[in-house]
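We use all heavy atoms of the structure for the numbers below, so side chains are in, but hydrogens, waters and symmetry mates are not.
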Amino acid sequence: MTVLVLSGMFHTTLSAQTLEEELKMLKDTVAIKEGGEKVLALKDVGMKFRSINVDSVRYYVDLAFKEADALDDDYYRARIWMVYGILSWDAGRPKEALEYHMKAKPILENSKEYYVLGSLYTNMSNAYEALTEFDTSVAFQFKALENFIAGKDSIWIAGSYLNLGNRYKLIQEPDLSLEYYLKASDMYRKIGNDYFVAVSYNSVAAAYLEKKQFDEAFDYAKKSLEGYDTIGARLDKAYPLTNMALASWGLGNFDAAELYYNQAIALQEERGERLAQISLKNDLANIYLKQGKVNRAEELALATYAEAEQIEFLPGIDVLSKTLSLIYEEKPDFKKAYQYHQKHKAARDSLYFSEKAREMLNLKEKYETEQKENEILRQQNELVENELSIKKRNNMLMGSGGLLAILLIVGFVVFREQKIKARNMASETALEKAMAEAKAQENLKEQRIRIARDLHDNIGSQLTYLTSITDSAKRGIDKGEVFLMEKLTQMKQFSLVTISELRDTIWAMNKDEISLEDIQERTQQLAATVHEATDNKIIVRTEGNPSDKVLNAFVGMNLFRIIQESVNNAVKHSESPEIVVTFTELENQVEIVIEDFGKGFDTTKGSTGNGLHIMQNRAQKAGIDFSQTSVPEKGTKVELKVNV
């Protein structure tokens, strides 16, 4: 984990001083400070302790807030609220962290201090990332970068590059993340900031891990560890130890990986970073599994999964459900393996990656385009200023140079204006061309992401599980005919599901638009599959005759997926002999109702699974009006409305 949290704590670290030396110097300055300066000095002492001792952090930050309260000054309170937000983030409470930052935001925005605002926006970006709002996270990081550039603050410009690298690493764009990490590393080396040189080396290691260049990753992580050792940043050594563990894992050195993971976990437990602990423990459970320590892996993964559920940390639930699925395949307990596989798939589907990735890449294009536009405007302003300067000189000449001079000047001005127009037209043409290319690239990325999501989330996960069942069958070939028949039956079921989902994906990929008739036809095919799978014990009927009106492929595919999920839920849970899907055309809208007449459920008790969340998420992203009602012993109704 390589998230950088900006707080002002290392702003003056430009030499090879150890943290102990810097702390002594800062403590000495507190004694001679008064008023607001004393608040900030106490805050700096507290935040310097983040790399050494967590209890000391809280002690000095609380002292700083008492001083701010005594001054009765909202600005200094806001500065400490921002720090409390950082401490909440460290403790694995991103919602609480964001609340502190939002409380400080209106006050600090009035201050118009570039460095403070850049730090605030970066911390908000980190909180939004932990809450899986990746597009919002990147937007705030670009706002932070703009403030640091305006303030000509090289350290934190580089810090923004690091954080942007982290964001693009999350959506599996390792080349982009490596580009930003190397920019940051180069800047820190030129500045001579030893702490952030170590931070950036570890980030570069993370990018090489994504690229599966494990030797390079281990070397950079080791350089980072040595850098932290040199300056005495003891707790921060957890980060390069994590990457050394991952690199060792990639190289097949499982014993070394276990050693590094346990060292990293111990440091993160001392520091109190819960989100980092969840990630590390998930990886360690996988290492135990690789070593054949299945029961130990199960115990650790179950405990960590419960912790991730407790704090509603969806990325943790995602990776741990996958790990538990693999563990139960190995035991073997295929019922539990399948249950956790479905939880992993549900977490993937609700996790955002495709749309968020596209939005994040769009933000990058938008930021770079704005930079180009600003540069063109600057050049145009310079041209206008030159033109005005020339006209002033021409006026002076007109007063003293006579008709010939006037004619020469007029000719020169006309020529100059034509030249300026030509330059402007060339700049505008270049900008239009660049924007057209950016739009084309955006469309290409959007199409690529849409295809990748369906292939990875729906089909890739099924094929992965099918491969796992095959491996289990090979390992258990001596267990007899009954065992092998069970494996073959599972393989057949998963093959049928995979074929069905592949057909759905190809159907959507081949269309720029999807008509309502197409959706009804696919629903009828789904009904036939249900009839066959249940030996006609459950009947699915479609009613209504929608017109040939069309939706774009993204909306149409999500609409069908919601219908599919609603029907599947009714088949699995309602015990209803009949399910009705009704298509009704309204003015500029179509309404689709999926209704069963089964046992229903009490909606006041909330949902225990991810199915409802997935459908709501799909509906929100595609602009579909979604509602679900249910009455015990009477049935459940899902109502969908979409503009056409």
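More than 12 heavy atoms of other shown residues, nucleotides or ligands fall within 6.0 angstrom of atom NZ in K331. The local environment of CD in E226 is crowded, with over 12 non-hydrogen atoms from other residues, nucleotides or ligands closer than 6.0 Å. Within 6.0 Å of CD in E312 there are 12 or fewer heavy atoms belonging to other residues, nucleotides or ligands. Heavy-atom contacts from other residues, nucleotides or ligands closer than 6.0 Å to NZ of K222 number 12 or fewer.
A donor-acceptor contact shorter than 3.5 Å links the side chain of N243 to the backbone of N202. At least one donor-acceptor pair closer than 3.5 Å links the side chain of N193 to the backbone N or O of F196. The closest donor-acceptor contact from the side chain of S325 to the backbone of A337 lies under 3.5 Å. Checking side-chain atoms of T304 against main-chain N and O of L300 turns up a donor-acceptor pair under 3.5 Å. Although no hydrogens or angles enter the test, the distance criterion places no donor-acceptor pair under 3.5 Å between the side chain of S279 and the main chain of A276. Remark: the backbone N or O of L182 is not paired with any side-chain donor or acceptor of D186 at under 3.5 angstrom. Judged by distance alone, with hydrogens and angles left aside, the side-chain atoms of S224 form a donor-acceptor pair with the main-chain N or O of A198 at under 3.5 Å. Between the D318 side chain and the L314 main chain, no donor and acceptor come within less than 3.5 Å of each other. Judged purely by atom type and a 3.5 angstrom limit, Q277 uses its side chain to pair as donor or acceptor with the backbone of Q268.
Here the side chains of Y288 and Q291 are in contact, with some heavy-atom distance below 4.5 Å. Two residues are said to be in side-chain contact when any heavy atoms from C-beta on lie closer than 4.5 Å; D236 and R271 meet this criterion. For the pair K293 and L289, the minimum side-chain heavy-atom distance is 4.5 Å or more. The closest side-chain heavy-atom distance from S177 to E210 is not below 4.5 Å. Put simply, the side chain of M124 reaches to within 4.5 Å of the side chain of M102, judged on heavy atoms.
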### Message
Would K281 and E269 count as a salt bridge (charged side-chain N to carboxylate O under 4.0 Å, His left out) here? Give the steps.
### Response
CA-CA 11 Å; K281 289 175 181 177; E269 285 177 343; 3.7 Å; yes

| message | Show, in sequence, the C-alpha distance, side-chain angles and deciding distance for F214 and N253, and conclude whether the side chain to side chain contact (heavy atoms under 4.5 Å, CB included) test is met. | response | CA-CA 11 Å; F214 300 117; N253 301 330; over 6 Å; no

Check step by step if salt bridge (charged side-chain N to carboxylate O under 4.0 Å, His left out) holds for K336 and E329.
CA-CA 8 Å; K336 285 186 178 179; E329 283 175 37; over 6 Å; no

Working for side chain to side chain contact (heavy atoms under 4.5 Å, CB included), residues V57 and K48:
CA-CA 8 Å; V57 178; K48 190 74 71 175; over 6 Å; no

Worked check of side chain to side chain contact (heavy atoms under 4.5 Å, CB included) between K621 and N558 = CA-CA 9 Å; K621 297 303 177 190; N558 277 286; 5.9 Å; no

| message | Run the side chain to side chain contact (heavy atoms under 4.5 Å, CB included) test on Y100 and S88 for me, step by step, so that the C-alpha distance in whole Å, both residues' side-chain angles and the decisive distance to 0.1 Å come before the verdict. | response | CA-CA 9 Å; Y100 275 118; S88 296; 3.6 Å; yes

Could you walk me through whether D175 and K211 pass the salt bridge (charged side-chain N to carboxylate O under 4.0 Å, His left out) test, one step at a time?
-> CA-CA 8 Å; D175 292 327; K211 293 165 72 69; 2.6 Å; yes

Please determine whether ring pair (Phe, Tyr, Trp, His ring centres under 6.0 Å) holds for the pair Y328 and Y338, giving the CA-CA distance in whole Å, both sets of side-chain angles, and the decisive distance to 0.1 Å.
CA-CA 9 Å; Y328 285 117; Y338 181 68; over 10 Å; no

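Residues passing the side-chain contact (heavy atoms from CB on, under 4.5 Å) test with E575, sequence neighbours excluded: K599. For N286, the side-chain contact (heavy atoms from CB on, under 4.5 Å) partners two or more places apart in sequence, or in a different chain, are W249, N282, T323, L326.
Between Q213 atom CD and D219 atom CG the span is 11.5 Å, to the nearest 0.5 Å. Interatomic distance, CD of Q310 versus CZ of R274, reported as 5.5 Å (0.5 Å rounding). The structure places OH of Y121 at 15.0 Å from CG of N126, a figure rounded to the nearest 0.5 Å. If you take OG on S248 and CZ on F254, they are separated by 10.5 Å, rounding to the nearest 0.5 Å. A distance of 12.0 Å separates CD of E298 from CD of E330, quoted to the nearest 0.5 Å. Interatomic distance, CG of N123 versus CD1 of I86, reported as 4.0 Å (0.5 Å rounding).
Side-chain contact annotation: S137 with E129, donor-acceptor N/O pair under 3.5 Å absent. In this model, a donor atom of one side chain and an acceptor atom of the other lie less than 3.5 Å apart for E273 and Y239.
Relative to the six-membered ring of Y161, K183 meets both conditions, a distance below 6.0 Å and an angle of at most 45° to the axis. Cation-pi geometry between K223 and Y201 is met: the NZ or CZ atom falls under 6.0 Å from the ring centre, inside 45° of the normal.
Heavy atoms only, all atoms of each residue included: M244 and L225 are closest at SD-CD2, 3.9 Å. For the residue pair A184 and S200, the shortest heavy atom distance occurs at C-CB, 4.5 Å. K237 and Y228 get closest at one heavy-atom pair: CG-CB, 3.8 Å. When all heavy atoms are compared, the tightest approach of L131 to K95 is CD2-CG, 3.5 Å. The two atoms that bring G85 and A97 nearest to each other are O-CB, 3.1 Å, heavy atoms only.
The side-chain contact (heavy atoms from CB on, under 4.5 Å) with L267 is formed by just one residue from the set L235, N262, T242, L280; it is L235.
Taking the charged nitrogens against the carboxylate oxygens, R234 and E270 do have a contact shorter than 4.0 Å, which makes a salt bridge.
Checked against a 6.0 Å centroid threshold, the rings of Y59 and F49 do not count as neighbours.
Ring planes of Y340 and Y305: perpendicular class, angle over 60° (limits at 30 and 60°).
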